[in-house]
Novice: 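This structure is in structure tokens; I'll ask about it shortly.
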Amino acid sequence: MFTTLRNIGQYFLLLRRVFSIPERKTIFFKQLILEIEKIGLNSLGIVIIISLFMGAVVTIQATLNLINPLLPNYLIGLATRDSLILEFSPTMIALILAGKVGSNVASEIGSMRVTEQIDALEIMGVNSANFLILPKIIAAMFFFPVLVIISMGIGMFGGWLGSISVDVTTADFLEGLKYEFIPFYVTYALTKTIVFAFIITTVSSYYGYFTKGGALEVGVSSTKAVVYSSIVVLIFNFILTKLLLA
Amino acid sequence: MITVENINKHFAENQVLTDVSFVFESGKTNLIIGESGSGKTTLLKIMIGLFESDSGVVKYNERNFTEMNFKQKKNLRKEIGMLFQGGALFDYMSVEENIIFPLTMFAEKSEEENLERVNFCLNRVNLENTNHLLPSELSGGMKKRVAIARAIALNPKYLLCDEPNSGLDPKTAILIDNLIQEITQEYNITTIVNSHDMNSVMEIGDKIAFIHQGKIWWKGSKEELMTSDNQELNDFVFASKLFKRLRKKF
Ligand SMILES: Nc1ncnc2c1ncn2[C@@H]1O[C@H](COP(=O)(O)OP(=O)(O)OP(=O)(O)O)[C@@H](O)[C@H]1O
Ligand SMILES: [Mg+2]
């Protein structure tokens with residue numbers, strides 16, 4: 001309990017150092033571009049693959065549950081669309097990214113810590129927390145929503161492929177995708193995503209930044225980063241859903 | 001000149017430094033020697049502010065570093081070059097980017113001037129044409145030399161080196177020692193070198209502090225060291241049979 005409180009305190013102290021104006025704008029933007037590539041673009045492949053299969057599976061399961069002479073067939077497309085937009089794309093992708101980006105961020109910052117690169121930055125008068133972490137946060141908050149929108153699109157495409165395999169007509173499926181579309185659901189999903197992006201990058205950076213020891217501890221930090229950012233993401237998923245939808 | 005006065009430092013139960021006072025002179029290579037774990041790195045990190053001491057004062061030419069606020073410390077650090085025990089090169093940056101980094105961070109110069117300075121520093125450590133290599137593509141000795149180049153990029157008045165030649169072959173080690181000494185004399189820098197390598201002590205030790213049991217156990221020049229009758233110092237310096245024999249001849 002005591003360590004949890006101390007961790008949380010230390011986390012917010014770190015955030016205070018992260019959020020200051022970067023001293024050299026050009027260096028900051030260079031870092032930002034690098035991070036968008038590392039955190040965002042490099043996650044594109046895994047997001048596409050997962051979304052494709054996820055969409056197909058959701059559709060097949062919806063079909064199993066909803067195929068019934070009394071229910072219109074377009075419900076399957078509708079169910080696929082809403083479950084992807086509301087939950088599967090934002091949360092599932094966030095958890096996958098917590099694994100991929102979280103471990104990457106924590107091990108990168110952690111190894112910089114144990115090889116004294118962070119000390120070297122500090123004595124050059126660089127605010128290392130700001131220099132290393134802020135570009136990651138901004139890159140993720142900017143790019144994760146893009147990934148989630150892509151995931152929604154690919155997921156629906158995967159859903160269509162799935163619907164073919166279970167003999168739902170394309171026309172029915174498409175009708176369902178378009179049926180009573182509620183734009184707020186997308187707003188809700190993207191709001192969640194931006195919060196998740198912040199959680200994943202900051203929690204992982206925190207575990208990386210306070211790594212002590214050597215290569216072994218870097219591994220430990222990166223595991224902790226994944227576990228804790230996933231847990232915090234799930235907690236905030238609950239809180240945000242309650243606030244925004246209920 | 002860097003002065004430390006009555007520095008104390010402990011980690012948990014472990015009293016690492018006790019009442020350490022010393023004057024590190026400018027234009028000289030000042031050596032801190034002592035066994036592994038005796039607190040050399042700790043002292044260096046206290047001097048540059050990476051660790052906080054329990055008590056004591058660090059002064060850079062009469063400027064009290066310990067009492068400075070964050071901004072003042074930051075300004076002073078522009079005058080300090082530090083070579084870390086492991087090199088601490090930024091591993092996602094090329095050699096050139098590593099050395100140019102402090103320049104773009106601090107110096108208000110044009111890109112060309114900075115590049116010129118990078119090449120000058122690389123030349124100084126005999127590493128021309130390595131600009132675009134990554135640290136992972138360098139040998140241990142090359143890494144150390146790039147780290148020296150980065151440390152001297154901003155023309156420091158103070159140069160702190162944590163075991164600049166550990167893990168290197170004797171020839172490269174001496175090369176780096178000599179390089180540090182040359183730079184020190186050429187620009188009249190206050191240089192501090194942590195070492196437990198006896199070759200370096202004999203080669204460049206203008207002024208030596210021997211740390212033992214957390215205290216400055218002995219201080220003097222390399223000539224004085226050869227004739228000292230301090231038991232612990234002798235046990236440390238002349239640990240090998242070869243050195244014992246050499247000493248008898250001396
Ligand atoms: N960050 C730290 N936290 C806790 N203890 C530390 C820390 N850094 C150093 N120590 C302890 O302080 C003592 C001195 O360590 P230091 O690194 O200064 O030794 P050293 O003289 O540089 O050794 P070496 O020659 O092996 O580099 C050691 O007992 C070490 O365990
Ligand atoms: Mg050391």
Side-chain angles (χ1 to χ4, degrees), chain A residues 13 16-17 20-39 42 104-136 139 205 208-218, chain B residues 11-12 41-42 44-51 65 68 70-93 97-111 114 135-136 143 146-148 150-151 153-154 156 158-160 162-163:
Chain A
L13 285 179
R16 219 180 59 190
R17 293 197 55 214
S20 51
I21 308 288
E23 270 167 72
R24 286 279 186 270
K25 298 280 183 307
T26 46
I27 296 189
F28 174 76
F29 283 112
K30 231 171 89 185
Q31 291 290 107
L32 186 61
I33 305 275
L34 272 177
E35 297 298 344
I36 288 181
E37 189 189 335
K38 256 193 316 208
I39 292 181
N42 290 345
N104 179 296
V105 165
S107 60
E108 181 191 318
I109 297 183
S111 69
M112 288 188 78
R113 165 63 74 194
V114 301
T115 56
E116 298 178 312
Q117 292 175 50
I118 291 183
D119 287 341
L121 282 173
E122 287 290 328
I123 60 151
M124 287 177 197
V126 179
N127 175 346
S128 61
N130 171 267
F131 175 79
L132 293 172
I133 302 175
L134 189 60
K136 291 185 199 300
S205 300
Y209 197 80
F210 290 104
T211 305
K212 285 201 175 85
L216 202 64
E217 284 80 1
V218 174
Chain B
F11 293 108
T41 302
T42 306
L44 223 51
K45 287 192 172 171
I46 287 172
M47 289 164 68
I48 199 157
L50 286 173
F51 285 159
F65 181 73
M68 285 181 185
F70 183 76
K71 209 163 164 206
Q72 291 168 320
K73 278 187 183 163
K74 194 171 143 177
N75 275 326
L76 180 71
R77 279 176 181 158
K78 291 179 198 174
E79 302 173 14
I80 308 174
M82 169 126 188
L83 178 63
F84 284 89
Q85 197 158 355
L89 296 176
F90 303 125
D91 44 27
Y92 63 97
M93 295 184 192
E97 287 167 334
N98 259 288
I99 303 172
I100 213 165
F101 186 83
L103 295 171
T104 37
M105 237 26 203
F106 282 133
E108 309 288 342
K109 295 241 172 78
S110 71
E111 183 84 12
N114 284 344
S136 56
K143 277 186 203 152
V146 174
I148 294 178
R150 185 176 71 182
L154 278 169
Y158 312 93
L159 182 62
L160 312 186
D162 198 354
E163 301 195 15

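Note that these values count all heavy atoms, side chains included, but never hydrogens, waters or copies made by symmetry. If you're wondering where the values come from, they're calculated on a predicted model, not measured in any experiment.
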Novice: Taking all non-hydrogen atoms of both residues into account, name the closest pair between A:Glu116 and B:Ala88 and its distance.
Specialist: O-CB, 3.6 Å
Novice: About how many Å separate CE of A:Met112 and OH of B:Tyr92, when rounded to the nearest 0.5 Å?
Specialist: 5.0 Å
Novice: Quick check on A:Leu121 against chain B: is it the side chain, the backbone, both or neither that has a heavy atom closer than 4.5 Å?
Specialist: both
Novice: At their closest point, which heavy atom of A:Arg24 faces which heavy atom of B:Thr104, and how far apart are they?
Specialist: NE-O, 2.8 Å
Novice: Check A:Ile123 against B:Met82 and note the closest heavy-atom contact, atom names and distance.
Specialist: CD1-CB, 3.2 Å
Novice: Do the side chain of A:Glu122 and the main chain of B:Leu50 share a donor and acceptor less than 3.5 angstrom apart?
Specialist: no
Novice: When only heavy atoms count and the cut-off is under 4.5 Å, which of residues 70-77 of chain B reach chain A?
Specialist: B:Lys74, B:Arg77
Novice: What is the minimum heavy-atom distance between B:Leu89 and A:Gln117, and which atoms define it?
Specialist: O-CD, 3.2 Å
Novice: Side chain, backbone, both or neither: which part of A:Met124 has a non-hydrogen atom closer than 4.5 Å to chain B?
Specialist: both
Novice: Could you tell me which portion of B:Lys78 (side chain, backbone, both or neither) has an atom closer than 4.5 angstrom to a non-hydrogen atom of chain A?
Specialist: neither
Novice: Which atoms of B:Ile80 come close to chain A, meaning under 4.5 Å heavy atom to heavy atom: side chain ones, backbone ones, both, or neither?
Specialist: neither
